[in-house]
A.B. asks: 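Can you read through this structure? Questions will come right after.
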Amino acid sequence: MGGQQSDRGDQDVVRAIREVEPASGEVLVGGLTASTVDLIDSVADLLPWMGVIVVLVMFVLLFLAFGSLVLPVKAVVMNLFSITASFGVITWIFADGNLADVLGFVPQGFLDVTNPILMLAILFGLSMDYEVFLLSRVREEWDASGDNDRAVEVGVQRTGQIITSAALLLGVVIGAFGLSGLVFMKMIGLGMLVALLLDATIVRALLVPATMKLLGRWNWWAPAPMARWWEKHGLRGH
């Protein structure tokens with residue numbers, strides 16, 4: 001992954017120069033490549049914190065909604081599946097140059113460091129929307145019947161059309177960015193389109209139901225003190 005209009009060799013030179021310790025004063029390097037190095041270093045420092053905050057907030061909210069510690073973990077893993085697949089596709093197209101003639105752009109040999117960050121934030125939120133749609137209906141049936149298999153079947157049946165329709169509508173809107181003459185917009189549009197289609201089909205319609213069926217009653221597990229707290233204070237525990 002590169003930065004703006006500079007390659008890895010240029011960035012290594014900037015870092016090497018900045019490590020020089022003169023007898024007096026300090027070494028300063030400016031310009032586009034130096035700005036790119038600063039941006040990459042800043043993202044590398046802050047991205048892990050962003051990930052931790054997003055996961056913790058999602059974990060707390062899903063526990064409050066569904067009273068389980070297993071479902072938030074599963075949600076993170078499933079979201080990463082569609083997001084990393086999307087990153088792989090945009091790397092294959094825009095960094096490696098595949099389909100460049102078909103899509104009408106000149107490959108740069110790298111990805112702008114800001115693109116995946118923007119996609120990560122948006123896609124994680126969209127993926128969680130679909131997850132909440134599905135799990136809400138599954139939880140309702142679980143509360144009513146206590147039968148995990150039936151809860152999963154009914155949840156998928158009742159929400160499948162909603163999730164598919166929402167993904168198709170959003171896919172049309174976002175996919176239109178792929179027709180842009182700007183490589184930045186084209187990359188965002190195609191990357192998010194791939195992630196949405198994967199999330200609404202393979203992930204929500206196949207992987208999530210299959211995993212929940214295999215887990216059985218463990219889907220709804222939480223330590224006894226947390227389970228009692230959720231029964232009293234959880235978003236669905238009243």
A.B. asks: Going from CD1 on Ile83 to CG on Asp199, what distance comes out if it is rounded to the nearest 0.5 angstrom?
C.D. replies: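 The distance works out to 8.0 Å.
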
A.B. asks: Could you go through Val77 and Phe81, starting from their C-alpha distance and side-chain angles, then the distance that decides it, and tell me whether this counts as side chain to side chain contact (heavy atoms under 4.5 Å, CB included)?
C.D. replies: CA-CA 6 Å; Val77 174; Phe81 175 85; over 6 Å; no

A.B. asks: Check Met119 against Met192 and note the closest heavy-atom contact, atom names and distance.
C.D. replies: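 Between these two residues, the closest heavy atoms are CE-N, 4.0 Å.
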
A.B. asks: Over all heavy atoms of both residues, which pair between Leu62 and Ala75 is shortest? Give the atoms and the distance, please.
C.D. replies: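 Shortest heavy-atom separation between Leu62 and Ala75 comes out as CD1-CB, 3.8 Å.
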
A.B. asks: Between Met185 and Ser180, which heavy-atom pair has the shortest distance, and what is it?
C.D. replies: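 In terms of heavy atoms, the two residues are closest at CB-OG, 3.5 Å.
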
A.B. asks: Flag yes if Met50 and Val43 sit in one hydrophobic cluster, no otherwise; membership is Ile, Leu, Val, Met, Phe, Trp, Tyr, and two members link when side-chain heavy atoms are under 4.5 Å apart.
C.D. replies: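 Yes; Val43 is reachable from Met50 via cluster members.
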
A.B. asks: Between Arg228 and Glu231, does any NZ, NE, NH1 or NH2 come within less than 4.0 Å of an OD or OE carboxylate oxygen?
C.D. replies: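 No salt bridge links Glu231 with Arg228.
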
A.B. asks: Nearest 0.5 angstrom please: Leu207 CG to Thr201 OG1, how far?
C.D. replies: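 One finds 9.0 Å between CG of Leu207 and OG1 of Thr201.
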
A.B. asks: Heavy atoms only: give me the nearest Ile40-Arg15 pair and the separation to one decimal.
C.D. replies: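 So the two residues come closest at CG2-NH2, 4.2 Å.
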
A.B. asks: Taking the side chain as every heavy atom from C-beta outward, state whether Met58 and Phe124 have any pair of such atoms under 4.5 Å apart.
C.D. replies: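 Met58 vs Phe124: side chains touch.
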
A.B. asks: Quick one: do Ile202 and Val89 end up in the same hydrophobic cluster if we chain Ile, Leu, Val, Met, Phe, Trp and Tyr together by side-chain heavy atoms under 4.5 Å apart?
C.D. replies: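 Hydrophobic grouping puts Ile202 with Val89.
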
A.B. asks: For the CE atom of Met78 and the CE atom of Met128, what is their distance to the nearest 0.5 Å?
C.D. replies: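 If I round to the nearest 0.5 Å, the distance is 12.5 Å.
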
A.B. asks: Using a 4.5 Å cut-off on heavy atoms from C-beta on, say whether the side chain of Ser82 contacts that of Leu197.
C.D. replies: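 Of all side-chain heavy-atom pairs linking Ser82 with Leu197, none is under 4.5 Å.
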
A.B. asks: With a 4.5 Å limit on heavy-atom distance, are the side chains of Phe59 and Val76 in contact?
C.D. replies: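 No, side chains not in contact.
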
A.B. asks: Side chains of Leu64 and Trp229: closer than 4.5 Å at any heavy-atom pair?
C.D. replies: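 When only atoms from C-beta onward are counted, Trp229 and Leu64 do touch, with a gap below 4.5 Å.
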
A.B. asks: Any side-chain donor-acceptor pair under 3.5 Å between Asp147 and Trp142?
C.D. replies: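 No donor-acceptor contact under 3.5 Å links the two side chains.
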
A.B. asks: On a heavy-atom basis, which atom in Trp49 and which in Asp45 lie closest, and how many Å separate them?
C.D. replies: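 Smallest heavy-atom distance, with atoms named: CD1-O, 3.4 Å.
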
A.B. asks: For Ser136 and Phe133, indicate whether the former's side chain and the latter's backbone hold a donor-acceptor pair under 3.5 Å.
C.D. replies: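 Not confirmed, Ser136 side chain does not pair with Phe133 backbone.
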
A.B. asks: Test side chain to side chain contact (heavy atoms under 4.5 Å, CB included) on Val60 and Leu56; report intermediate values, then the result.
C.D. replies: CA-CA 6 Å; Val60 171; Leu56 284 178; 5.5 Å; no

A.B. asks: So do the side chains of Arg137 and Val156 get within less than 4.5 Å of each other, counting heavy atoms only?
C.D. replies: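 Side chain of Arg137 against side chain of Val156, heavy atoms only: no contact under 4.5 Å found.
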
A.B. asks: Using every non-hydrogen atom in the two residues, find where Asn148 and Gly216 come nearest and quote the distance to one decimal.
C.D. replies: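 The pair with the smallest heavy-atom distance is OD1-O, 3.2 Å.
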
A.B. asks: What distance separates Asp129 CG from Leu134 CG, expressed to the nearest 0.5 Å?
C.D. replies: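 The CG atom of Asp129 sits 12.5 Å away from the CG atom of Leu134.
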
A.B. asks: Determine, for Asp41 against Arg18, whether the closest basic-nitrogen to carboxylate-oxygen distance falls under 4.0 angstrom.
C.D. replies: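 No.
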
A.B. asks: Taking the side chain from Ser68 and the backbone from Leu71, do they hold a donor-acceptor pair closer than 3.5 Å?
C.D. replies: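 Looks like yes, one N/O pair under 3.5 Å.
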
A.B. asks: Is it true that Trp92 and Phe105 fall in one hydrophobic cluster, defined by side-chain heavy atoms closer than 4.5 Å?
C.D. replies: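 The answer is yes; both residues are in one hydrophobic cluster.
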
A.B. asks: Quick one: does Lys186's side chain get under 4.5 Å of Phe177's, heavy atoms only?
C.D. replies: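 Counting from C-beta outward, Lys186 and Phe177 never come under 4.5 Å.
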
A.B. asks: Return the CE to CG distance between Met212 and Asp149, rounded to the nearest 0.5 Å.
C.D. replies: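 Rounded to the nearest 0.5 Å, the CE-CG separation comes to 10.5 Å.
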
A.B. asks: Can you tell me how far apart CZ (Arg139) and CG (Asn219) are? Round to the nearest 0.5 Å.
C.D. replies: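 Reported to 0.5 Å precision, the distance equals 10.0 Å.
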
A.B. asks: Any side-chain heavy atom of Leu126 sitting closer than 4.5 Å to one from Leu196?
C.D. replies: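 Heavy-atom side-chain distance check passes, below 4.5 Å.
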
A.B. asks: Should Val173 and Ile122 be regarded as members of a common hydrophobic cluster, given that ILVMFWY residues are connected when their side-chain heavy atoms come within less than 4.5 Å of each other, either directly or indirectly?
C.D. replies: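 No, no single cluster joins them.
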
A.B. asks: Consider only side-chain heavy atoms of I, L, V, M, F, W and Y, link residues closer than 4.5 Å, and tell whether Leu193 and Ile90 are in one cluster.
C.D. replies: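 Each belongs to a different hydrophobic cluster.
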
A.B. asks: Leu120 versus Leu47: any side-chain heavy-atom pair under 4.5 Å?
C.D. replies: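 Yes, at least one pair of side-chain atoms sits under 4.5 Å.
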
A.B. asks: Hey, does the side chain of Trp221 reach the backbone of Leu69 with a donor-acceptor pair shorter than 3.5 angstrom?
C.D. replies: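 Flag not set: sc Trp221 to bb Leu69 has no pair under 3.5 Å.
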
A.B. asks: With side chain to side chain contact (heavy atoms under 4.5 Å, CB included) as the criterion, how do Val208 and Tyr130 come out once you've worked through the C-alpha distance, each side chain's angles and the decisive distance to 0.1 Å?
C.D. replies: CA-CA 11 Å; Val208 170; Tyr130 296 151; over 6 Å; no

